[in-house]
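Here's the structure, in structure tokens; my notes come after.
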Amino acid sequence: APPRWRVAAAAVTLVAFVAVVGTEPSVLRALLTGTVGLLAVLLGRRGQAVPALMAGTIVLVVAFPDLAVSIGFALSVAATAGLVLAAAPMTHRLLRIPGVARLPAPLVRATAVALVAHIATVPVLALTLGEVSHISVVANLVAAPAVAPVTVAGTLAAVAALLGLGPVVT
């Protein structure tokens with residue numbers, strides 16, 4: 001499909017996802033960052049993930065000042081920034097460890113993502129909660145295979161509930 005059609009389909013999907021899931025701070029962050037990314041595609045600009053994240057963050061904080069003190073929003077922005085900036089380099093570093101290159105590539109990437117997200121969010125957690133649990137890296141790796149199926153099933157269940165198909169969902 002032409003780029004404009006793909007952008008239109010992605011925009012409709014973003015709006016529908018927010019309509020179904022709700023306007024939690026991390027969902028708003030994803031919506032605005034995604035929207036800025038889609039605009040970048042339309043304008044022919046690529047590789048602008050950090051400016052998209054920052055622009056989205058600024059717009060959201062100006063529009064909804066309460067987000068400035070939302071732990072969930074701060075964690076979402078920190079994790080996203082960490083992933084954009086360091087997930088690929090972390091994957092490459094992990095692959096330099098003897099024996100790691102023999103592991104399945106998805107496992108190495110998932111480990112890199114879990115480590116980077118954890119490292120990026122540690123300052124927010126330490127400042128707001130006063131403590132940090134390092135078990136989250138392992139928990140994220142264990143939960144990773146379930147994320148996609150649960151997200152799809154949950155979204156379908158929410159849509160079914162909105163359409164009055166409650167008995168089908170239960």
Side-chain angles (χ1 to χ4, degrees), residues 7 9-41 47-91 94 106-163 166 169:
V7 167
V12 168
T13 302
L14 272 172
V15 171
F17 183 73
V18 173
V20 171
V21 174
T23 56
E24 293 297 317
S26 61
V27 175
L28 289 174
R29 191 265 324 137
L31 171 68
L32 218 47
T33 303
T35 301
V36 171
L38 292 175
L39 287 173
V41 170
Q48 304 294 323
V50 173
L53 173 63
M54 295 304 111
T57 301
I58 291 167
V59 168
L60 283 171
V61 170
V62 168
F64 307 102
D66 289 351
L67 291 177
V69 294
S70 167
I71 295 171
F73 184 69
L75 289 169
S76 177
V77 171
T80 303
L83 294 174
V84 165
L85 294 169
M90 177 66 82
T91 301
L94 289 176
L107 178 61
V108 176
R109 284 193 299 273
T111 302
V113 165
L115 285 169
V116 167
H118 178 70
I119 292 165
T121 57
V122 162
V124 177
L125 292 169
L127 285 170
T128 56
L129 303 177
E131 63 184 5
V132 177
S133 171
H134 299 297
I135 195 71
S136 64
V137 174
V138 175
N140 283 332
L141 285 172
V142 170
V147 171
V150 168
T151 301
V152 171
T155 302
L156 291 175
V159 169
L162 285 173
L163 296 174
V169 175

Exercise. When rounded to the nearest 0.5 angstrom, what is the spacing between CG in L31 and OG in S26?
Worked result: 11.5 Å
For this session: Using atom types as modelled and distance alone, determine if a side-chain donor or acceptor of T57 lies under 3.5 Å from a backbone N or O of L53.
Result: yes
Problem set entry | Criterion side-chain contact (heavy atoms from CB on, under 4.5 Å) against M90, the qualifying member of L85, I119, L83 | I119
For this session: Take L28 and F73 through the test side chain to side chain contact (heavy atoms under 4.5 Å, CB included) and record every step on the way to the result.
Result: CA-CA 9 Å; L28 289 174; F73 184 69; 5.7 Å; no
For this session: Could you tell me which non-hydrogen atom of A87 sits nearest to which non-hydrogen atom of V113, and how far apart they are?
Result: CB-CG2, 4.4 Å
Seminar exercise, completed: Shortest non-hydrogen pair, A30 vs L14, comes out as O-CD2, 4.4 Å
Exercise. So, for G56 and L32, which heavy atoms are closest and what is the spacing to 0.1 Å?
Worked result: O-CD2, 3.2 Å
Exercise. Just by distance, with hydrogens left out, do S76 and R29 show a side-chain donor and acceptor under 3.5 Å apart?
Worked result: yes
For this session: For T111, check side-chain hydrogen bond (donor to acceptor under 3.5 Å, both in side chains) against everything at least two apart and list the hits.
Result: none
Seminar exercise, completed: side-chain contact (heavy atoms from CB on, under 4.5 Å) filter on V132, not counting sequence neighbours, yields H118, V122, L125, A126, H134
Exercise. Minimum heavy-atom separation for A120 to A78, with atom names?
Worked result: CB-O, 3.3 Å
Seminar exercise, completed: Of all heavy-atom pairs linking T91 and A112, the shortest is OG1-CB, 3.2 Å
Problem set entry | L75 side chain reached by T128 side chain, heavy atoms, under 4.5 Å | no
Exercise. Which heavy atom of G82 sits nearest a heavy atom of V116, and at what distance?
Worked result: O-CG1, 3.1 Å
Seminar exercise, completed: Contacts of T13 meeting side-chain hydrogen bond (donor to acceptor under 3.5 Å, both in side chains) (sequence neighbours excluded), chain-then-number -> none
